[in-house]
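First the proteins, then the strands, lettered A, B, ... as listed; each starts at 1.
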Number of protein chains: 2
Amino acid sequence: MSHMGYPCFMALDRDHVLRSAAALLTRKSTATMDEVAKAAGISRATLHRHFAGRDALVRALEALGIAECEAALDRARPEQGSATDAVRRLVREIQPAAGLLAFLYGESQLWEGDRQNDGWQRLDSRIGALFQRGQQDGEFRIDLTPVWLTEALYGLTASCAWATLDGRVAARDFPTMVAELLLGGALRREES
Amino acid sequence: MSHMGYPCFMALDRDHVLRSAAALLTRKSTATMDEVAKAAGISRATLHRHFAGRDALVRALEALGIAECEAALDRARPEQGSATDAVRRLVREIQPAAGLLAFLYGESQLWEGDRQNDGWQRLDSRIGALFQRGQQDGEFRIDLTPVWLTEALYGLTASCAWATLDGRVAARDFPTMVAELLLGGALRREES
DNA sequence: CCCATGTGAGACATTCTTGTCTCATTATGG
DNA sequence: CCATAATGAGACAAGAATGTCTCACATGGG
């Protein structure tokens, strides 16, 4: 069926391999290519036919993470309604990708190089715009910069993903823990 | 002066080496033993005379990080005054160790093994107790568990340390950014 | 049935890091 | 000045992970 240099149904397998690798590397970020292959139920040779090397695999995972974040952002409709509710929706939609995000967040390989994926900047811009809108609408305080709020969203997401893996936080509490801390902080609100 | 198998002033050098390694590994967590040695201004041979291997070096850095956190916790006097101010003091005192903390936070080697340093549990207990006190005093909300608040403190500290290294957050704003977000969140307070 | 394609298993060289060793040089104290 | 200790430089082997290759097997369509 395929008259080119690539296998017919590689695209389907490729996605499965990518998901398996994400699940494994989330738990053990130092996993070997051999372990990644085994986790996907394929041989190392086949894994290399999908991804030229470990670097290519990590880059593909980065692209997947960016895509999932952008999809989550789309589903969250960040321009709609109050910024507060938009953040809550965003955190809820981003939870399935939190593990992958946490892995990428700790993968220094992606940040040390001078050439980093533009997707992150696109994401930063969109999320930053959400926080900025909240500030302009008077919902969010203005002494915390949108850049920092964006960074905090990533950080809390990764932290909660790890805490969930360790069992220190229940998975079903993820959206509440992240969103409510990010929005309201630890302080008790005055009942007014 | 030394009649034993160890050099005379190694203790002094050792601390300097440890600090250099912390500073380097904070920026580049995959740095080689050779790079660590060069950063400390010593040869790889001497580095090995201080620390048996990379693992021992990381363990020593872990011990240093724990010690610095405990010292910061002591200086912050977490039992004194309002829990809110105690958290602010803690964040301020912990800033100098934030880079090291961020490195250790991402060093999976320390968490994957079944044997982890008791120091972290001691720290978790003390910080968790601070948040619990705040809850009992009615300062902090009770729908976020002390365990999660502790985790969030670590996560925000690491995130802000990285953001500071990248220049996305000014170092002088570190205490405000971390403490105010952790305490008050992004939402604007009602002026009452 | 035959052939092309995808796959698994394994061998192999390469590279990188580490750990260990020796030896010459330096400085340090008596 | 001398002896000891500490260091730096470099050689060396061991180990791990990677990238590449070959070959045998099976699987599916024509």
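Distance CG (A/Asp34) to P (D/dG19): 13 Å, rounded to an integer number of Å. Atom NZ in B/Lys38 sits about 14 Å away from atom C1' in D/dT7, given to the nearest Å. Atom CG of B/Leu57 and atom P of C/dT17 are 16 Å apart (whole Å). For the pair A/Arg49 CZ and D/dT20 P, the interatomic distance rounds to 13 Å; values are reported in whole Å. Atom P of nucleotide C/dT17 and atom CG of B/Leu25 are separated by 14 Å, given to the nearest angstrom. Distance B/His50 NE2 to D/dA6 P: 10 Å, rounded to the nearest Å. If you take CZ of A/Arg14 and C1' of C/dG6, they are 17 Å apart, rounded to a whole angstrom. With rounding to whole Å, A/Asp13 atom CG is found 14 Å from C/dG8 atom C1'.
Residue side chain B/Arg44 reaches the base of C/dG19 through a donor-acceptor N/O pair under 3.5 Å, judged by distance alone.
Taking the side chain of B/Arg54 as heavy atoms from C-beta on, and the options D/dA9, C/dT18, C/dG8, the nearest nucleotide is C/dT18. Distance from the side chain of A/Thr32 is smallest for D/dT18 among the nucleotides C/dT18, D/dT18, D/dA9. With distances taken from any side-chain atom of A/His48 to the nucleotides C/dG8, D/dG19, C/dT20, the minimum falls on D/dG19.
Contact check, A/Thr46 against C/dG8: a side-chain N or O comes under 4.0 Å of OP1 or OP2.
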For A/Asp85 and A/Ser82: C-alpha separation, side-chain torsions, deciding distance, then whether side-chain hydrogen bond (donor to acceptor under 3.5 Å, both in side chains) applies.
CA-CA 5 Å; A/Asp85 288 338; A/Ser82 74; 3.3 Å; yes
Go through the steps to decide whether B/Glu151 and A/Trp162 satisfy the test side-chain hydrogen bond (donor to acceptor under 3.5 Å, both in side chains), and finish with yes or no.
CA-CA 9 Å; B/Glu151 204 70 28; A/Trp162 280 321; over 6 Å; no
What do the steps show when you test B/Ser159 against A/Tyr105 for side-chain hydrogen bond (donor to acceptor under 3.5 Å, both in side chains), and what is the final call?
CA-CA 10 Å; B/Ser159 292; A/Tyr105 199 69; 3.1 Å; yes
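Nearer to the 5' terminus of DNA chain D, by closest-nucleotide assignment, is the contact made by B/Gly41 (compared with the other of B/Gly41 and A/Met33). Where A/Thr30 and A/Ala45 meet DNA chain D, the nucleotide closest to each residue was compared, and A/Thr30 sits on the side nearer the 5' end.
Of the residues A/Val58, A/Leu57, A/Leu61, the one that meets the side chain to side chain contact (heavy atoms under 4.5 Å, CB included) test with A/Phe51 is A/Leu57.
In this structure, A/Leu110 is a member of the same hydrophobic cluster as A/Leu100, with clusters built from ILVMFWY side-chain heavy atoms closer than 4.5 Å.
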